[in-house]
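All remarks here apply to the structure that follows.
Everything numeric here is computed off the predicted structure, so don't read it as measured data. Every chain is numbered from 1, with letters handed out A, B, ... down the list of sequences. Worth knowing before you read on, the calculation uses all heavy atoms, side chains too, and leaves out hydrogens, waters and symmetry mates.
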Amino acid sequence: MKKWLPKVRLFTLFSFMALLLAGCGEPFVSALSPAGEVAKMQYDLMILATLIMVIVIAVVTIIFVIALVKFRRRKGDENKIPKQVEGNHTLEIIWTVIPILLLLVLAVPTVSATFELADVKAMEEGTRDEDAVVVKVTANLYWWEFEYPDHGIVTAQELVVPTDEKVYFELISSDVKHSFWIPAAGGKLDTNTDNTNKFWLEFNSKSTDEAGGLLYGKCAELCGPSHALMDFKVKPVPRAEFDQWIDKMVVAKDAEHVPANDVAKAGEELFSANGCISCHAINPGEKRPTAPSLANFGDRSSIAGKLEYNKENLKNWLKDPESIKPGNNMTGTYDNKGLSDQDLDALAEYLMGLSVED
Amino acid sequence: MSTVAQKKGFGATLWDYLTTVDHKKIAKLYLIAGGFFFLLGGIEALIIRIQLAVPDNNFVTAGFFNEIITMHGTTMIFLAAMPLLLGFMNAVMPLQIGARDVAFPFVNALGFWLFFFGGVFLNLSWFMGGAPDAGWTSYASLALHSEGHGIDFYVLGLQISGIGTLIGGINFLATIITMRAPGMTYMRMPLFTWTTFVASALILFAFPPLTVGLLLMMFDRIFGTAFFVPSMGGNTIIWEHLFWIFGHPEVYILILPAFGIFSEIFATFSRKRLFGYSSMVFATVLIGFLGFMVWAHHMFTTGLGPIANAIFAVATMAIAVPTGIKIFNWLFTMWGGSLKFTTPMLYAAAFIPSFIMGGVTGVMLASAPADYQYHDSYFVVAHFHYVIVGGVVLAVFAGAHYWWPKMFGKMLNDTLGKVTFWLFLIGFHLTFFIQHFLGLMGMPRRVFTFLPNHGWELGNLISSIGAIFMALGVIVLLYNVVITSIKGEKASADAWGDGRTLEWAIASPPPEYNFKQLPLIRGLDPLWVEKMQGKKEMTPAEPLGDIHMPNRSILPFIISLGLFIAAFGFLHHPDGASWSVPVMIIGGIITFGAMFLRSIIDDHGYHIHKADLMDDDDKKGVEA
């Protein structure tokens, strides 16, 4: 054997493993790094199915390769007529029965998991568990609303949930069909226009920490030009912290927001003068059907669900929303061209000051 | 082109094809039109891959991207894959059962022209205000929300071409039931004929739900009804059911003929009869039957509840069993054979591992809870491209190389064929294999762009590079077609030397009446049976006599043209255009007028006389 060969092998092995690791994707958005019970259950099913399928592929590949190599027409065979075999009952029974058995191995956990994932008794009337957190999700063209009906509070674009317990969701859409998907936490469920869909997810504290504490949510059903940009964020926090956040939101319902400085004050006036206030709620108790609540905009981690959270990006978004989210419903509802740089500064100052956190 | 056509001028050739009712010429029309739409869909695919090659790309706008993906899917399924397969069915199936034509030659032509005008109408949307943009599934809430006329083009265009497909399917059913040559029992039919038969039955039952869905959607969009408007008592989930009750069997309408093509190729180039023929037939029928029982697996995340999801999950898994039977039968057809790796055989061999990949991911998708993760992600995109490209497109390419000599009388260049094969196969796996992982890594399908920090850059770039290889493969194929038609090597009747089925018993290309005397069928693979007994040709089942032929007619073209014209009236009706109703009426008069003419004019066809047939024999040396 040549000397360099082991090195090449080692290199191949390493690069293969690197590819495999990279193949798991970014933990905040990948179904391959499950950050909760549901995702874990689904991941285990994937692995089970993959293993069974690898067996099938291996068997087929072996027969395939042998057949191709062994039975190719060689020189001198041009006039050879192979035996015309009609079939073989034993073989045919074998390759009918074995796949059935393999499928049963997959079918049983599939059926059991299907029922387990659909168990939403704790949120249903009559069997309601008072401690269980319920979130009502409304999908809208390119933004998400999260309502906590038990507390009468509403937030948008950023979902706050307690870790290490089942969180129940009630999903609906206000315009066209969307689909609610947090890949790292579990599979998706559609937000229909006709009826509400219900399911539960669980967010594991350790895994979500490892994923950076913030998971990405996606719209998974084509809904228009900005379907690709209809992201949301999920912030799983320990139950105590979650309860504190709920309390702050509840308190903010009755408190009048006071702009922190003169610039923000000017921003508040612009917010009214441009009619923003008629669509956007700034009180966490208010639910507006046309635009996301901005009551805790200052606590968000991104602009328009897409850009990094900073003043510059917010100004760009307000200046020309169409260029950032094509087809959004805010474009054209106010005189964005007429906003001066100073106006944008003021608006940004005001909006970023809308916070329930200390 | 037949030798007769070459002698004519362009105008005469055009007229010949506009009025033809000959299944072999209609097959060529299907191949040309389907090939054209395949190229169109391919260009759309390339635009998708250019846009997604790098994150945050702005090669196309978001709205235009949605039009491109919608038209890519719709074109490839309805206007490319299906017509190309219908082309092969037309070219080969009547020959394989020993028939002189299909049961209803006039209807056959009508089917083609309806498909053609529907496809042209749909694609005119690009020049008339924008293409449909709600995905090829056109889910109701988004479709009704979509502005402009894109969705109207979709609804009307697919309706017209759908009628064409439906009557084409009925025609094939009637042909196979009634026109088999003496001795051609059902259990002696070649597998391609069997799959044509089952796929036609699927067309018969699967297209009506689509027709209904499209009609309801048309009424909602054009006449202001509210079948799919929940606020007025409608329901959008109904569309999903109607679409998928059609849509899932549609997959089998495509893949079963592909299985048929490969079954023929495996047997021919292994020089061995198909292993387990009766279990292959059984598996084909079973797949067709089960195909109607599983549509809701496309709707696992719609919220149908755990009972429906569990039932449809298990039913879907069951389809893997007959499909597995087929795979093993193909493997054992090769086993012990004498394999000759011509271009068609390379495609057939490559089909097995490619399609297995699509099949196993199909079983993975059937597991409902795991599907909640896969659904509408790039995993699904990878899966159905493995099935459709790895199954259907490879079959179309294989079939084109395999039957080209029979259809056009010339052999496609084998070396160029192999170049196409390798480019396309490598490109295909490069493009789609990595997409499984993109999906699992959280990338939803139908996204016009993606952000740079999601870890999807490398996968998308690899995928786009693969698309280039596929495009190169197709270009080489086109070059091959051109070069072959200029100076291709002439094909004999049994062009591959190892032909087993009836089509190889007659000249390449066959005379317009196919069989001078209907052949007597004495077993499965009739030509092979005769060859093994040392004969060169089929035994005739009838004395030489006059052959009754159908007359050519321009009416199928005119009937379809009328619907095409009327569709513009429907399209502009909701705009309140004053000319919309008159245009509908004019189109209707053209269509129904032509149908009326067809009904009242007696058309008894004509006869090719015995003397001329004997004359023909001397000229061409037609066998049997």
Side-chain angles (χ1 to χ4, degrees), chain A residues 23 25-26 29-32 41-42 45-46 49 53 56-57 60 63-64 67-68 71-73 77 80-85 87 92 95-96 99-100 103 106-107 110-111 113-115 117-118 175-177 179 183 187-190 192-194 197 218 220-223 225-228 326-327, chain B residues 61-63 66 135 139 141-142 145 230 235-237 271-273 275-276 279 301-303 305-306 309-310 313-314 317 320-321 324-325 327-328 331 334-340 349 352-353 356 360 363-364 367-370 372-373 375-376 437 440-442 444 446-450 454-455:
Chain A
E26 298 290 343
V29 69
S30 174
L32 295 176
M41 210 188 290
Q42 290 162 337
L45 262 178
M46 287 179 200
M53 295 312 149
V56 175
I57 291 176
V60 171
I63 302 175
F64 179 72
L68 286 197
F71 299 108
R72 50 185 7 182
R73 196 173 299 175
D77 285 353
K80 197 183 114 192
I81 303 295
K83 192 168 167 239
Q84 304 291 306
V85 187
E92 285 170 45
W95 64 58
T96 310
I100 292 177
L103 286 176
L106 183 62
T110 292
V111 172
T114 306
F115 282 90
L117 293 181
D175 33 50
V176 304
K177 186 180 171 102
S179 190
K188 60 193 75 62
L189 189 59
D190 294 352
N192 294 330
T193 51
D194 316 73
N197 274 336
K218 299 267 164 196
E221 184 68 61
L222 180 65
C223 54
S226 279
H227 161 58
Chain B
T61 63
N66 286 354
Y139 273 14
S141 61
L142 181 60
H145 191 267
N235 188 309
T236 61
I237 311 299
R271 229 180 234 178
K272 200 161 153 281
R273 69 174 268 161
F275 190 90
S279 72
T301 67
T302 301
N309 280 4
V314 176
M317 287 179 191
V321 177
I325 291 176
I327 297 276
F328 283 108
L331 288 174
M334 291 197 284
W335 195 273
S338 171
L339 311 185
K340 189 178 180 190
I352 288 190
I356 282 273
V360 297
V363 177
M364 293 172 75
S367 175
Y372 301 161
Q373 284 286 23
H375 182 88
D376 265 345
F437 296 93
L440 294 173
M441 283 150 69
R446 293 167 164 173
V447 290
F448 82 95
T449 190
F450 58 95
H454 281 38

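Ranked by heavy-atom pairs under 4.5 Å with chain B, the first of A:D175, A:L103, A:V111 is A:L103. Among the candidates B:S338, B:A62, B:G276, B:A368, the residue making the largest number of heavy-atom pairs closer than 4.5 Å to chain A is B:S338. Between chain A and the residues B:V447, B:T301, B:I356, B:I352, the largest count of heavy-atom pairs under 4.5 Å involves B:T301. Heavy-atom pairs under 4.5 Å with chain A peak, among B:M317, B:K272, B:R271, at B:R271. When each of B:G324, B:P230, B:A320 is checked for heavy-atom pairs under 4.5 Å with chain A, B:P230 comes out on top. The most heavy-atom pairs under 4.5 Å with chain B, out of A:T114, A:T96, A:L106, come from A:T114. The residue among A:V56, A:V60, A:I57 with the most heavy atom pairs within less than 4.5 Å of chain B is A:V60. In terms of heavy-atom pairs under 4.5 Å with chain A, the best-connected choice from B:G305, B:P353, B:G337, B:S279 is B:G337. Interface summary for chain B: among A:K83, A:R73, A:Q84, the most heavy-atom pairs under 4.5 angstrom belong to A:R73.
Rounding to the nearest 0.5 Å places CD1 of B:I237 at 7.5 Å from CG of A:D190. For the atom pair CG of A:N192 and OG1 of B:T236, the computed distance is 6.0 Å after rounding to the nearest 0.5 Å. The NZ atom of B:K340 sits 12.5 Å away from atom CG of A:D77, with the distance rounded to the nearest 0.5 Å. In this structure, B:N235 CG and A:D194 CG are separated by 4.5 Å, a value rounded to the nearest 0.5 Å. Within the model, atoms OG1 of B:T302 and CG of A:N197 stand 8.0 Å from one another, a figure rounded to the nearest 0.5 Å.
In this structure, chain A has heavy atoms under 4.5 Å from both the backbone and the side chain of B:L142. Heavy atoms of B:A349 lying under 4.5 Å from chain A belong to its backbone as well as its side chain. Heavy atoms closer than 4.5 Å to chain A are found in the side chain of B:V314, but not in its backbone. Contact of A:A118 with chain B is made through the side chain alone, with heavy-atom distances under 4.5 Å. For A:K218, the part lying near chain B is the side chain, with the backbone staying farther off; criterion is any non-hydrogen pair under 4.5 Å. B:L440 touches chain A through backbone and side chain together, each having a heavy atom under 4.5 Å away.
Side-chain contact between B:I325 and A:E92: absent, with no pair of heavy atoms (C-beta onward) separated by less than 4.5 Å. Between A:L189 and B:Y372 the shortest side-chain heavy-atom distance does not fall below 4.5 Å. At least one side-chain heavy atom of B:P369 sits under 4.5 Å from a side-chain heavy atom of A:T110. Within the 4.5 Å cutoff, the side chain of A:I63 has heavy atoms near those of the B:W335 side chain. Inter-residue side-chain proximity for B:F448 and A:H227 is flagged as unmet; no heavy-atom pair is nearer than 4.5 Å.
When every heavy atom of B:S141 is checked against every heavy atom of A:K177, the shortest pair comes out as OG-N, 2.8 Å. Residue A:F115 comes nearest to B:A310 through the heavy atom pair CE1-CB, 3.9 Å, listed as atom of the first residue, atom of the second, then distance. Taking all atoms of both residues into account, the shortest heavy-atom contact from B:P444 to A:A220 is CB-CA, 4.4 Å. Between B:A370 and A:M46 the shortest heavy-atom distance is CB-CG, 4.3 Å.
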Would B:R446 and A:E221 satisfy side chain to side chain contact (heavy atoms under 4.5 Å, CB included), going step by step from the backbone distance to the final call? CA-CA 8 Å; B:R446 293 167 164 173; A:E221 184 68 61; 4.1 Å; yes
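The aromatic rings of B:F275 and A:W95 sit tilted, their planes meeting at an angle between 30° and 60°.
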